[in-house]
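Along the sequence shown, the residues carry numbers beginning at 1. Below, all heavy atoms of this structure are taken into account, side chains as well, without hydrogens, waters or symmetry copies. For clarity, every value in this text was computed on a predicted model and none was experimentally measured.
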Amino acid sequence: MPLVRWSIVVPVKTLIRAKTRLAAAAGPHRADLAVAVACDTVAAALRCRLVARVVVVTADPLPARRLAALGAQVVTDPDRGLNTALRTGAEEAVRLAPGDAVGALQADLPALRPAELETVLGAAPEFDQAFVPDAAEVGTTFYGVRPGVPFRPGFGGESRARHLSRGAKELAPPEIASVRRDVDTIEDLREALALGVGPATAEVAARILGGTLR
């Protein structure tokens with residue numbers, strides 16, 4: 001199969017809504033953590049050899065500026081739910097590069113390794129649509145389609161089962177732990193730290209955890 005290039009769409013919540021389940025543990029650092037995690041996720045995706053561009057969808061100007069400075073294209077979130085935001089980003093991605101595959105990647109993957117994302121993106125075009133389950137095997141961290149295939153993300157809640165029911169192929173080889181490790185709780189953050197997070201997350205996590213990263 002010829003090399004397939006990807007446009008990756010990353011949805012980023014407004015900071016008032018971001019990482020609310022971490023509010024008690026993160027305290028005044030919650031918004032900083034949300035931005036840091038998104039920055040490390042986008043930076044890692046941009047370093048992946050199969051990623052041609054990252055399209056960020058957000059209604060918040062602060063992460064918009066930070067992520068644009070990293071090299072992401074930024075479009076405005078219409079604020080009609082996560083999957084509508086992803087479809088908005090996908091429309092922009094197809095406008096920019098109609099011949100590229102389109103994937104959605106959650107914004108809370110601070111341990112993301114470009115080589116592990118490349119493993120996913122290299123395997124996904126064998127199927128019309130494919131996805132990666134989260135570490136808990138309930139949600140989804142990545143969903144993607146071949147060029148020309150309708151982009152029908154089903155994120156939210158028990159999205160693993162939803163994507164399976166829609167015929168998407170599950171991709172979960174053992175060597176992609178960083179693609180599956182999303183961060184919703186302090187325990188998730190500690191597990192991401194054990195994998196090795198990006199510099200922005202590491203700096204904020206050190207403040208939250210009192211300088212201990214484990």
Problem set entry | Check: Pro110 main-chain N/O paired with Asp40 side-chain donor or acceptor under 3.5 Å |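 Between the backbone of Pro110 and the side chain of Asp40 there is no qualifying donor-acceptor contact (under 3.5 Å).
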Exercise. Are any side-chain N or O atoms of Ser178 and backbone N or O atoms of Arg113, one a donor and one an acceptor, separated by less than 3.5 Å?
Worked result: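 Confirmed, Ser178 side chain pairs with Arg113 backbone.
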For this session: Apply side chain to side chain donor-acceptor pair (under 3.5 Å) to the pair Ser159 and Arg162, showing each step before the final yes or no.
Result: CA-CA 5 Å; Ser159 59; Arg162 189 175 304 116; 4.9 Å; no
Exercise. How many angstroms lie between atom CZ of Arg180 and atom CG of Leu195, to the nearest 0.5 angstrom?
Worked result: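 Result: 11.5 Å between the selected atoms.
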For this session: Look up atom OG1 in Thr84 and atom CG in Asp79, then write down how far apart they are to the nearest 0.5 Å.
Result: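 If we round to the nearest 0.5 Å, Thr84:OG1 and Asp79:CG are 10.0 Å apart.
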Between [X] and [Y], what is the shortest heavy-atom contact and its length?
X: Ala107; Y: Pro11; answer: CB-O, 3.2 Å
X: Ala101; Y: Pro147; answer: N-CG, 3.6 Å
X: Gly144; Y: Trp6; answer: CA-CZ3, 3.9 Å

For this session: Carefully, step by step, assess Glu91 and Arg87 under the rule salt bridge (charged side-chain N to carboxylate O under 4.0 Å, His left out).
Result: CA-CA 6 Å; Glu91 289 170 4; Arg87 290 191 293 270; over 6 Å; no
Exercise. Counting only heavy atoms not in Arg166, do more than 12 fall under 6.0 Å of its CZ?
Worked result: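 Atom CZ in Arg166 is packed in, count exceeds 12.
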For this session: Might you confirm whether atom CD of Glu170 has over 12 heavy atoms from other residues, nucleotides or ligands at distances under 6.0 Å?
Result: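 Buried by this count: over 12 neighbours within 6.0 Å.
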Any side-chain heavy atom of [X] sitting closer than 4.5 Å to one from [Y]?
X: Val4; Y: Leu121; value: no
X: Val57; Y: Val9; value: yes
X: Arg160; Y: Val138; value: no
X: Val55; Y: Val10; value: no
X: Leu67; Y: Cys39; value: yes
X: Val132; Y: Thr140; value: no
X: Glu116; Y: Val120; value: no
X: Asp108; Y: Thr41; value: no

Do [X] and [Y] belong together in a cluster built from hydrophobic side chains that touch within less than 4.5 Å?
X: Val74; Y: Val102; value: no
X: Val145; Y: Leu3; value: no
X: Leu70; Y: Leu112; value: yes

Exercise. What ring-ring contact (aromatic ring centres under 6.0 Å, His included) pairs are there with at least one residue in residues 162-186, not counting sequence neighbours?
Worked result: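 Those involving residues 162-186 are Phe131-His163, Tyr143-His163, Phe155-His163.
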For this session: Start with the C-alpha distance between Leu164 and Lys169, add both sets of side-chain angles, then the distance that settles side chain to side chain contact (heavy atoms under 4.5 Å, CB included), and finish with yes or no.
Result: CA-CA 7 Å; Leu164 283 170; Lys169 174 65 175 178; over 6 Å; no
Exercise. Given Asp188 and Arg181, is the salt bridge (charged side-chain N to carboxylate O under 4.0 Å, His left out) satisfied, shown in steps?
Worked result: CA-CA 7 Å; Asp188 294 341; Arg181 182 64 279 161; 3.0 Å; yes
Exercise. Out of Arg49, Arg47, Arg5, which residue meets the salt bridge (Lys or Arg N to Asp or Glu O under 4.0 Å) rule with Glu118?
Worked result: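 Among Arg49, Arg47, Arg5, the one meeting salt bridge (Lys or Arg N to Asp or Glu O under 4.0 Å) with Glu118 is Arg49.
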Exercise. Should Val42 and Val56 be marked as a side chain to side chain contact (heavy atoms under 4.5 Å, CB included) after you check the CA-CA gap, both sets of side-chain angles, and the distance that decides it?
Worked result: CA-CA 9 Å; Val42 168; Val56 167; 4.1 Å; yes
Exercise. Can Arg146 and Asp128 be counted as an ion pair, charged N to O under 4.0 angstrom?
Worked result: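 A salt bridge links Arg146 with Asp128.
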For this session: Answer yes or no: is there an ion pair linking Asp77 with Lys13, defined by an N-O contact shorter than 4.0 Å?
Result: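 No, this pair does not count.
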Exercise. Please, which pairs that meet side chain to side chain donor-acceptor pair (under 3.5 Å) have at least one residue in residues 93-106, sequence neighbours excluded?
Worked result: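 For residues 93-106, and leaving out neighbouring residues, the side chain to side chain donor-acceptor pair (under 3.5 Å) pairs sorted by first residue read Arg53-Asp100, Glu92-Arg95.
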For this session: Might you work through the side chain to side chain contact (heavy atoms under 4.5 Å, CB included) test for Val35 and Arg66, ending with a clear yes or no?
Result: CA-CA 8 Å; Val35 174; Arg66 292 276 302 274; 3.5 Å; yes
For this session: In sequence, state the C-alpha distance, the side-chain angles, and the governing distance for Val179 and Thr119, and then conclude on side chain to side chain contact (heavy atoms under 4.5 Å, CB included).
Result: CA-CA 10 Å; Val179 187; Thr119 296; over 6 Å; no
Problem set entry | Option from Thr201, Leu189, Leu193, Val197 for which side-chain contact (heavy atoms from CB on, under 4.5 Å) with Val183 holds |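 Between Val183 and the candidates, side-chain contact (heavy atoms from CB on, under 4.5 Å) is satisfied uniquely by Leu189.
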